[in-house]
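Note that this is a predicted model, so its numbers are computed, not measured. Computed over heavy atoms, backbone and side chain alike; hydrogens, waters and symmetry mates excluded. Each residue takes its place number in the sequence, starting with 1.
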Amino acid sequence: MPGGGIRTVVTLAVAALLVAGCSGSPPPQDPGDPTPQDAAPASPEPRDEVLPPLPERLTEQTVDWGACPAPSPLQGSGDPPGDPWRCGTLTVPVDYAEPEGDTVELALIMAPATDPRSRIGSLVFNFGGPGGSGVASLPRSADRYETLGAAYDLVSLDPRGVGESAGVVCRDDDELDRAAQEYPGPPRTQDEERELLAANRDYAADCAERNGELLAHVGTVDAARDLDLLRRALGDEQLHYFGVSYGTRLGAAYAHLFPRRAGRTVLDAVVDPTRGHAERLLLQAEGFQLALDNYLDHCAIVVSDCPTGEGGAAGHATLTALFDQLRATPLPTESGRHLTQDLAITGVLSALYSQGSWSYLTDAIRQAREDGRGDLLLRAAERYNGRDSEGRYRNLSSANTAVNCADFASRPTVATVDEQRDAFLAASPVFGERLLWGLLSCADWPVVGDREQPPVAADGAGPILLLATTGDPATPYAGAERMREELGAGVGVLLTYEGEGHGAFGGGDSCVTDAVLAYLLAGTAPADGTVC
């Protein structure tokens with residue numbers, strides 16, 4: 001294998017699982033007089049750290065909105081968004097400790113409120129990742145937010161290090177393609193383990209060489225400060241925000257830094273703000289196993305010729321046998337590329353993000369087992385990995401690793417993998433081995449965070465509406481309960497959706513939809529502990 005191949009795929013397919021998400025919605029505020037709690041703070045300084053004042057060229061800037069270009073390969077392919085979408089840029093400092101130094105241009109997108117007479121302000125979205133392009137995602141999902149778009153300018157951005165905002169790139173498209181085809185799966189011999197560790201070092205060194213100083217400044221706290229500059233440039237006294245998955249970590253970090261500037265905030269598919277790297281991955285292994293078991297049971301009941309049989313242990317055995325077969329002999333596809341073990345696991349995992357994908361997953365497993373072809377699972381994996389039909393990759397994987405490794409201080413080693421092996425295999429007999437090696441995603445990264453999680457305590461903010469789905473595979477339900485605790489007494493309001501999938505809003509449940517709209521448009525938060 002070429003140097004970096006194993007590492008590239010581990011990062012591409014595992015790190016992106018951490019909190020990737022693409023479901024969501026936003027937060028509003030009454031157009032009337034603000035309550036004292038909603039008023040802008042007298043002090044411009046954020047909490048925790050006193051930084052040099054920002055120059056007026058940053059704090060007084062406005063956005064020059066114009067026609068949108070076609071998405072770049074780093075954002076995803078497609079036609080340029082037409083009316084009503086407008087695009088622009090925002091200038092932010094690379095290092096907030098040196099605000100007169102180098103800057104980065106952040107890519108922005110906006111659709112103006114369709115009913116100016118009832119306009120509340122701007123509503124800023126982050127759809128997850130970390131590494132997802134908001135500029136590309138918002139127009140594609142705008143039909144979910146049509147009601148909100150009457151009262152809000154709908155706004156999103158590529159956060160620093162993502163897409164067209166100085167996107168971090170560690171491997172070119174050809175290298176990613178080769179690695180994805182050559183990666184045999186998690187190491188099972190000492191030679192494969194040594195190769196993985198060497199590839200880790202090469203990958204991290206290449207990322208440092210290609211991206212330089214920026215890698216130290218793509219973390220969530222810097223991105224949260226960027227949101228406050230965006231708020232200023234939009235002319236809003238408060239930031240109204242809707243974050244999904246990783247976007248919940250970012251939104252909570254903003255509320256911590258600027259609690260009085262946090263407007264109505266919805267956090268959907270909430271990331272646990274209290275767990276270390278190993279604990280987060282272990283909980284995610286449990287979450288994906290739960291989602292898989294729910295799918296297997298559903299398939300056994302609903303599909304007369306379900307390719308995974310009666311589910312349960314028999315279903316686990318069917319899938320692990322398929323994955324083991326693919327480790328030895330990848331399946332052909334019409335594209336000329338092959339379905340490898342790792343790509344097949346990625347395809348299955350990606351389909352577990354939404355119950356709406358279960359029928360596709362059934363067809364894909366059947367095609368692989370009965371027809372000996374991997375087209376459907378490969379298509380799901382490559383869509384998830386951000387590869388388009390022309391072989392171009394979004395920078396989701398590189399940005400995901402860069403942000404997470406800048407945020408967190410822990411650096412698990414092979415000894416950690418050995419210590420955690422039994423726990424991961426017990427948590428998920430199907431995915432445990434694969435997720436276990438995600439522990440090494442930051443092992444040799446050149447930047448180390450100064451804490452294990454960005455702080456989220458947000459006394460003075462609120463109410464912040466937390467949406468949690470009981471069957472969420474990527475951000476298990478318990479994380480939302482812990483976020484509520486960490487935000488502080490009376491800040492977080494938890495709404496539980498008893499269902500499947502990653503993210504509650506936008507899935508068609510009227511109870512969830514009505515509660516979110518009442519909060520965002522009428523200022524009425526549901527009672528804490530509401531169940532839909």
- Pair Asn126, Arg249: side-chain N/O donor-acceptor within cut-off below 3.5 Å: no

- Item | Euclidean distance, Leu234 CG relative to Asp153 CG, rounded to 0.5 Å | 8.0 Å

- Which atom pair, heavy atoms only, marks the closest approach of Leu396 to Gly129? CD1-CA, 4.4 Å

- Item | Chi angles and distances behind the side chain to side chain contact (heavy atoms under 4.5 Å, CB included) call for Ile109, Val155 | CA-CA 6 Å; Ile109 194 165; Val155 179; over 6 Å; no

- What are the two closest heavy atoms between Arg119 and Ala113, and how far apart are they? CG-CB, 4.0 Å

- Query: Are Val94 and Glu213 close enough that some pair of their side-chain heavy atoms sits under 4.5 Å apart?
  - Reply: yes

- Return yes when atom CG of Asp64 has more than 12 non-hydrogen atoms of other residues, nucleotides or ligands closer than 6.0 Å, and no otherwise. no

- Residues Asp173, Arg392: salt bridge by 4.0 Å N-O rule: no

- Query: With no hydrogens and no angle check, is any side-chain donor or acceptor of Ser77 less than 3.5 Å from a backbone partner on Pro73?
  - Reply: no

- Query: Checking side-chain hydrogen bond (donor to acceptor under 3.5 Å, both in side chains) for the pair Ser397/Asn400: CA distance, chi angles, key distance, verdict?
  - Reply: CA-CA 5 Å; Ser397 167; Asn400 187 287; over 6 Å; no

- Message: Quick one, Leu250 with Leu227, criterion side chain to side chain contact (heavy atoms under 4.5 Å, CB included). Give me CA distance, side-chain angles, the key distance, then yes/no.
- Response: CA-CA 9 Å; Leu250 177 59; Leu227 289 179; 3.9 Å; yes

- Item | Heavy-atom donor-acceptor pair, Thr530 side chain to Ala527 backbone, under 3.5 Å | yes

- Item | Side chains of Tyr246 and Thr475, donor plus acceptor under 3.5 Å | no

- Item | Minimum heavy-atom distance between Glu452 and His277, given as atom pair plus value | OE2-N, 3.2 Å

- Message: Would you say that Val63 contacts Thr89 through its side chain, given a criterion of any heavy-atom pair below 4.5 Å between the two side chains?
- Response: no

- Task: Could you tell me whether the side chain of Ser357 and the main chain of Tyr360 form a donor-acceptor pair under 3.5 Å?
- Result: no

- Under 3.5 Å, is there a donor-acceptor pair between the side chain of Thr248 and the main chain of Val244? no

- Is a side-chain donor-acceptor pair under 3.5 Å present for Ser354 with His502? no

- Task: Mind jotting down which residue pairs meet the disulfide bond (SG atoms under 2.5 Å apart) criterion with at least one end in residues 61-156? Sequence neighbours excluded, please.
- Result: Cys68-Cys87

- Side chain to side chain, Arg160 and His217, heavy atoms closer than 4.5 Å: yes

- Message: Would you say that Leu154 contacts Phe125 through its side chain, given a criterion of any heavy-atom pair below 4.5 Å between the two side chains?
- Response: yes

- Message: How long is the straight-line distance from CG of Leu361 back to OG of Ser359, given to the nearest 0.5 Å?
- Response: 9.0 Å

- Task: Apply side chain to side chain contact (heavy atoms under 4.5 Å, CB included) to Phe431 and Val348, showing your working.
- Result: CA-CA 10 Å; Phe431 304 126; Val348 173; 3.9 Å; yes

- Message: When you measure from the side chain of His256 to the backbone of Ala457, do you find a donor-acceptor pair of N or O atoms at a distance under 3.5 Å?
- Response: yes

- Of the non-hydrogen atoms in Ala468 and Ala480, which two are nearest, and what is the gap between them? CB-CB, 3.4 Å

- Any donor-acceptor pair under 3.5 Å from Ser398 side chain to Cys170 backbone: yes

- Whether over 12 other heavy atoms sit under 6.0 Å from Asp79 CG: no

- Query: What distance separates Leu377 CG from Ser350 OG, expressed to the nearest 0.5 Å?
  - Reply: 8.0 Å

- Using atom types as modelled and distance alone, determine if a side-chain donor or acceptor of Ser72 lies under 3.5 Å from a backbone N or O of Leu74. yes

- Task: Verify, without hydrogens or angle tests, whether Glu60 (side chain) and Arg57 (backbone) share a donor-acceptor contact under 3.5 angstrom.
- Result: no

- What is the distance from atom CG of Leu495 to atom CG of Asp528, rounded to the nearest 0.5 Å? 9.5 Å

- Message: Under 6.0 Å from the ring centre and within 45 degrees of the ring axis: does the NZ or CZ of Arg280 meet both conditions for the six-membered ring of Phe408?
- Response: yes

- Query: Is any side-chain heavy atom of Val493 less than 4.5 Å from a side-chain heavy atom of Ile464?
  - Reply: no

- Gly391 backbone acceptor or donor facing Asp388 side chain under 3.5 Å: yes

- Item | From CZ (Phe258) to CD (Gln238), nearest 0.5 Å | 13.5 Å

- disulfide bond (SG atoms under 2.5 Å apart): which pairs involve residues 476-513, sequence neighbours left out? Cys511-Cys532

- Please report the closest heavy-atom contact between Thr265 and Tyr519, naming both atoms and the distance. N-OH, 2.9 Å

- Query: Do Thr103 and Val92 come close enough that some side-chain heavy atom pair is under 4.5 Å?
  - Reply: no

- Note on the structure: Rounded to the nearest 0.5 angstrom, the CG-CG distance for Leu230 and Asp236 is 8.5 Å

- Task: Ignoring hydrogens and angles, state whether a donor on the side chain of Asp407 or Gln453 is under 3.5 Å from an acceptor on the partner side chain.
- Result: no

- Could you please spell out the steps behind the side chain to side chain contact (heavy atoms under 4.5 Å, CB included) verdict for Asp226 and Leu106? CA-CA 9 Å; Asp226 292 344; Leu106 303 186; 3.8 Å; yes

- Message: Any carboxylate oxygen within less than 4.0 angstrom of a Lys/Arg side-chain nitrogen, looking at Arg225 and Asp228?
- Response: no

- Message: Any heavy-atom pair between the side chains of Tyr384 and Arg379 that's under 4.5 Å?
- Response: no

- Task: Measure centre to centre between the rings of Tyr353 and Phe288, then say whether the value is under 6.0 Å.
- Result: yes

- Query: Under a 4.5 Å cut-off applied to non-hydrogen side-chain atoms, are Val124 and Leu239 in contact?
  - Reply: yes

- Task: Could you tell me whether a side-chain N or O of Thr470 sits under 3.5 Å from a main-chain N or O of Gly499, the two making a donor and an acceptor?
- Result: yes

- Over all atoms of both residues, closest heavy-atom pair of Tyr96 and Pro52: O-CD, 3.8 Å

- Query: Who pairs with Asp102 by salt bridge (Lys or Arg N to Asp or Glu O under 4.0 Å), at least two apart in sequence or on another chain?
  - Reply: none

